[in-house]
Amino acid sequence: MAATEEIRGVGHSVKRVEDARFIRGRGQYFDDITLPGMLHLEFLRSPFAHARIKSIDASRAQELPGVVAVVTGELLAQHNLAWMPTLSGDTQAVLATDKVRFQGQEVAGVVAETAYIAKDAIELIDVDYEPLPAITSPQQALAKGAPVIRDEKEGQTDNHIYHWEAGDKEATDKAFAEADRVVELDTFYPRCHPAPLECCGCVADVNPATGKATIYMTSQAPHAHRTLFALVAGLPEQKIRIISPDLGGGFGNKVPIYPGYVVATAASLLIGRPVKWVEDRTGNLISTGFARDYHMHGELALKGEKITGLRVRLLSDNGAFFSDAQPTRCKAGLFHIVTGSYDIPAAHVETEGAYTNKAPGGVAYRCSFRVTEASYLIERLVQTAAYEIGADPAEFRRSNFIKPEQFPYSSATGFEYDSGDYGAAMDLALEKLGYEELRREQAEARKEGKLIGIGLASFTEVVGAGHGAEYQIAGLRMNDGAELRIHPTGKAVLKLSVKSQGQGHETTFAQIVAEELGLQPEDIEVQEGDTDNTPYGLGTYASRSTPVSGAATAMVSRRIRSKAKKIAAHLLEASEDDLEWEDGRFSVKGAPEKSTTIQDIAFAAYTNVPEGMEDGLEGVYYYDPPNMTYPFGTYAVVVEIDRGTGAWKVRRVVAVDDCGVRINPMIVEGQIMGGLTEGFGIAAMQLIDFDEDGNCIGANFMDYLLPTAWETPTFELGETVTPSPHHPIGAKGVGESATVGSPAAFVNAVVDALAHAGIRNLEMPVTSDKVWAALQEANLAE
Ligand code: MCN
Ligand code: CUN
């Protein structure tokens, strides 16, 4: 019986159960779904970044055999669907009506019997455009006399979106006035794109007889999407069923609602047949949620080796529609951790957002609401400060870290860090790296004309939104549910509101139940993604599944355990107070032979409950976290620079992460390696750029470079464990940590190789030509 075998609960590297179907090609993605009578949707996209639409003539397309309908903005407008609300209270065009506002924007959709016919028909649509000047930077956007991109918005007379600030301006000004030194850094976190292997898409099936809309879609947040569909389209919520099947990666790209989902659903509703939309790679790269595009200016006030103040000015390029997924309290999530791992008494941050003629987006890509940018800025700034005062970057960090006894720590911008031991994580990283020895080697090498750089990042992240009273998206509190049913034979089904895109939820969430109830993980099936069959919750992003839904899972298991205890007392004819719980069984204190297993209890729950008790062993729990969780770590990177070409090679990467208690250490390490690969890609090569006409450069994988196995360095991992005090099992989220923390470590490493010659900054992606220019500037080129 199970109880004699070790329970593979929290802390076990259980193999990923989902891989059994993935590696056999038996996953089911939305594109695997074919329904009878299904039609195909393709989009005509704008060739211009900014142009007025004078007319659209779709008659030739309409006549092509096999074309069922051409959907234009004008048609959608008749149903009040030409515009949709964004997650941050702006509006976004579903299909362009008056103007196109970025290259690649959806102008019309063709619905046809096959995708090939639909694509051919796209070519037959004649659009008469009047090109307008394109705005490709927020500086241009905010300049006097700039053409107004959002001229359709009432009262919008410029391209400015918001001004937010956080912290104490007066205290910060005082800290700077009293500083003995001020260190500054201007840097730009360029636009990049999550580029999941599977692009976005859906199959929308509105049944004309029942009125039920079943939408199979690439969604990281199926419940939130269903509610938004109900609000936007006016469909009754119980008549909408979102099914998010297996996803081929998301990385934040599948959080927003895109025109494709809306047009496919509207088309299915109007035509009465299922409609499939499959986005192609270029469509994905040029029109869906990009990330970053953030101009940052940071200043540190120093007194000796102590940081006494931080001042930050930000300028954000939000593209043509402001569509950040924006929880209320968060504003710019950057505010949460802009002071990083450091005890900085005064801070003040101001941020401006601007519209440009670029695709909307802004938050997504393995970050949590701009914390990636915050982490990058502070980790680049502290390194700069260390050079300026002639301190060792590691020691400088150490003397400014928040100390373990200061937790829970209130930051200067008003957030409470739950727990941390930054020194321990850094010590372990330095030890693994052999830091002292490497510094000696670096100095020796320099004498021989060789350039070695050592870069650190001691990041703090914030994940797990997050306290429903303060964190809401589109008015919805950011909570998550877990529903657990134990069947008579002691096997269980766990249903979750979150949605894995590859993170291994089916394995790890079963382990949480295993830990709490003493069932083996293989006896627990985890289900996600179907809104008709899972409890409500806001979904998977911002590494919130473990902090929120993971907590709900632990809590619902405990709720069930307390009912199980009552049943056990009945079965053992003992008082509840005399029972002990261990490894899946209750036994009578002092009489261990008198015991009953969770499996026996499950059977009794349906056959032999105490009088007056309701049958069954199941429950649902909606978890509202009391606070966010703050994972952290230190990443260390060693690089060598080729003085002849500016090429840089990564010699080593040491990554020490602390995400509290690790549920599945193997999966956590997989998350970290994946995240480090993306951090490396962003630092070294991933760039979505635009020419002056607003043409997107980076619209395919020839131009938008992702690291392959060839370029990706080897990672050496380490861990420390500082549990979250407010999470039921002490876990913090980890999915994004490595992408948040590592870009600064890579860039710091390259800068470090040149720092002795006065180089302080290189902009991402740090390509060889930029390093070559720096080598020239520093008289180090060979
Ligand atoms: N985990 C654990 N112990 C912890 C923390 C996490 O064992 N202390 C496990 C979890 O149980 C889960 C995985 O690690 O199986 C990630 O958990 P978590 O940190 O809670 O993050 P989420 O599940 O909410 O995933 C979201 C996060 C985000 S926001 C992006 S973006 C991202 C990421 O995960 N996208 C990914 N990792 C990804 N990994 C894959 N393969 N594909 C993506 O699209
Ligand atoms: Cu910011 S990307 Mo993840 O939160 O889905």
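Counting only heavy atoms from C-beta outward, the side chains of Ile344 and Ile378 approach each other to under 4.5 Å. Looking at Ile402 and Phe407, their side chains come closer than 4.5 Å, going by heavy atoms from C-beta outward. The closest side-chain heavy-atom distance from Ile663 to Ile729 is below 4.5 Å. Using a 4.5 Å heavy-atom threshold, the side chains of Arg760 and Glu388 count as touching. Side-chain contact between Phe680 and Val653 is absent, with no heavy atoms from C-beta onward closer than 4.5 Å. Counting only heavy atoms from C-beta outward, the side chains of Arg446 and His756 approach each other to under 4.5 Å. Side-chain contact between Tyr704 and Cys192 is present, with at least one heavy-atom pair separated by less than 4.5 Å. The shortest side-chain heavy-atom distance between Leu538 and Arg544 falls under the 4.5 Å cut-off.
Two rings, from Tyr342 and Phe401, have their centers less than 6.0 Å apart. The distance between the ring centers of Tyr294 and Tyr189 does not fall below 6.0 angstrom. Close placement of the Phe322 and Tyr162 rings is indicated, their centers lying within 6.0 Å of each other. A distance below 6.0 Å separates the ring centres of Phe188 and His295. No close placement of the Phe415 and Phe335 rings is indicated, their centers lying 6.0 Å or farther apart.
The distance from atom NZ of Lys403 to atom CG of Asp421, rounded to the nearest 0.5 Å, is 10.5 Å. Between His163 atom NE2 and Thr351 atom OG1 the span is 8.5 Å, to the nearest 0.5 Å. Tyr630 OH to Glu416 CD: the interatomic distance, rounded to the nearest 0.5 Å, is 8.0 Å. One finds the CZ atom of Arg652 at 10.0 Å from the CD1 atom of Ile454 (value rounded to the nearest 0.5 Å). Separation of atoms CD (Glu299) and OG1 (Thr384) is listed at 12.5 Å; rounding is to 0.5 Å. To the nearest 0.5 Å, the span separating OH on Tyr422 from OG on Ser341 amounts to 5.0 Å.
Closest approach of Gly741 and Ala457 over heavy atoms only: O-CB, 3.3 Å. Residues Pro547 and Val463 approach most closely at CG-CG2, 4.2 Å, considering heavy atoms. Closest approach of Ala412 to Pro345, counting heavy atoms only: CB-O, 3.7 Å. Counting all heavy atoms, side chain and backbone alike, Gly361 lies closest to Ser323 at N-OG, 3.4 Å. Across all non-hydrogen atoms, the minimal contact from Leu300 to Leu381 is CD1-O, 3.9 Å. Between Asp186 and Glu763, the shortest heavy-atom distance links the atoms O-OE2, 3.5 Å.
Ion pair Lys306/Asp343 not flagged as a salt bridge, since none of the NZ, NE, NH1 or NH2 atoms sits closer than 4.0 Å to an Asp/Glu carboxylate oxygen. Between Asp173 and Arg311 there is a salt bridge, since a side-chain N of the basic residue sits under 4.0 Å from a carboxylate O of the acidic one.
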Exercise for the section: Given side-chain contact (heavy atoms from CB on, under 4.5 Å), test His336 with Phe369 step by step and report yes or no. Expected result: CA-CA 10 Å; His336 285 82; Phe369 312 112; over 6 Å; no
Practice task
Begin from the C-alpha positions of Arg439 and Glu436 and carry the test salt bridge (Lys or Arg N to Asp or Glu O under 4.0 Å) through to its verdict.
Solution key: CA-CA 5 Å; Arg439 282 286 180 210; Glu436 301 289 324; over 6 Å; no
Exercise for the section: Before giving the answer on side-chain hydrogen bond (donor to acceptor under 3.5 Å, both in side chains), spell out for Gln686 and His193 the whole-Å C-alpha distance, their side-chain angles and the decisive distance to 0.1 Å. Expected result: CA-CA 8 Å; Gln686 292 177 212; His193 194 283; over 6 Å; no
Practice task
Show the numbers, then the answer: is there a side-chain hydrogen bond (donor to acceptor under 3.5 Å, both in side chains) between Thr722 and Asp658?
Solution key: CA-CA 7 Å; Thr722 312; Asp658 191 322; 2.7 Å; yes
Exercise for the section: Show your reasoning for whether side-chain contact (heavy atoms from CB on, under 4.5 Å) applies to Glu178 and Thr308. Expected result: CA-CA 9 Å; Glu178 290 169 1; Thr308 52; over 6 Å; no
Practice task
Could you give me the CA-CA distance, side-chain angles and deciding distance for Glu711 and Met685, then say whether side-chain contact (heavy atoms from CB on, under 4.5 Å) is met?
Solution key: CA-CA 10 Å; Glu711 295 90 9; Met685 60 188 84; 4.2 Å; yes
Problem - Pair Val721-Glu719, side-chain contact (heavy atoms from CB on, under 4.5 Å): steps then yes or no - result: CA-CA 7 Å; Val721 177; Glu719 71 171 308; 3.4 Å; yes
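When only modelled atom types and interatomic distance are considered, Ser316 and Asn318 share a side-chain donor-acceptor pair under 3.5 Å. Judged by distance alone, the side chains of Tyr417 and Gln406 never bring a donor and an acceptor atom under 3.5 Å apart. When only modelled atom types and interatomic distance are considered, Thr677 and Thr712 share no side-chain donor-acceptor pair under 3.5 Å. In this model, a donor atom of one side chain and an acceptor atom of the other lie less than 3.5 Å apart for His160 and Glu352. Between the side chains of Ser724 and Asp418, at least one donor N or O lies within less than 3.5 Å of an accepting N or O. Side-chain polar atoms of Asn664 and Thr508 form no donor-acceptor pair below 3.5 angstrom. Ser458 and Glu379 share no donor-acceptor pair across their side chains, judged by distance under 3.5 Å alone. A donor-acceptor contact under 3.5 angstrom links the side chains of Lys732 and Ser419, judged on distance only. In this model, no donor atom of one side chain and acceptor atom of the other lie less than 3.5 Å apart for Thr739 and Tyr365. Defined by atom type and a distance below 3.5 Å, a donor-acceptor pair is present between the side-chain atoms of Tyr387 and Asp752.
A 6.0 Å sphere centred on NZ of Lys169 holds no more than 12 heavy atoms belonging to other residues, nucleotides or ligands. More than 12 heavy atoms of other residues, nucleotides or ligands lie within 6.0 Å of CD in Glu405, so this atom counts as buried by the packing criterion. In the displayed structure, Lys770 atom NZ is contacted under 6.0 Å by more than 12 heavy atoms of other residues, nucleotides or ligands.
Of the possible donor and acceptor atoms, one in the side chain of Asp180 sits under 3.5 Å from a partner among the backbone N and O of Gly304. Although no hydrogens or angles enter the test, the distance criterion places no donor-acceptor pair under 3.5 Å between the side chain of Gln383 and the main chain of Pro393. At least one donor-acceptor pair under 3.5 Å links the side chain of Trp648 to the backbone N or O of Val766.
The side chain to side chain contact (heavy atoms under 4.5 Å, CB included) test with Asp657 singles out one residue from Thr720, Leu717, Leu676, Ile672, and that residue is Ile672. With Val638 as the partner, the side chain to side chain contact (heavy atoms under 4.5 Å, CB included) test is satisfied by one option alone out of Arg651, Glu441, Lys649, Gln442: Arg651. Here the options are Thr339, Thr172, Val312, the test is side chain to side chain contact (heavy atoms under 4.5 Å, CB included), and the partner is Val349; only Val312 passes.
The cationic group of Arg292 does not satisfy the cation-pi geometry with Phe290, failing either the under 6.0 Å distance to the six-membered ring centre or the 45° limit from the ring axis.
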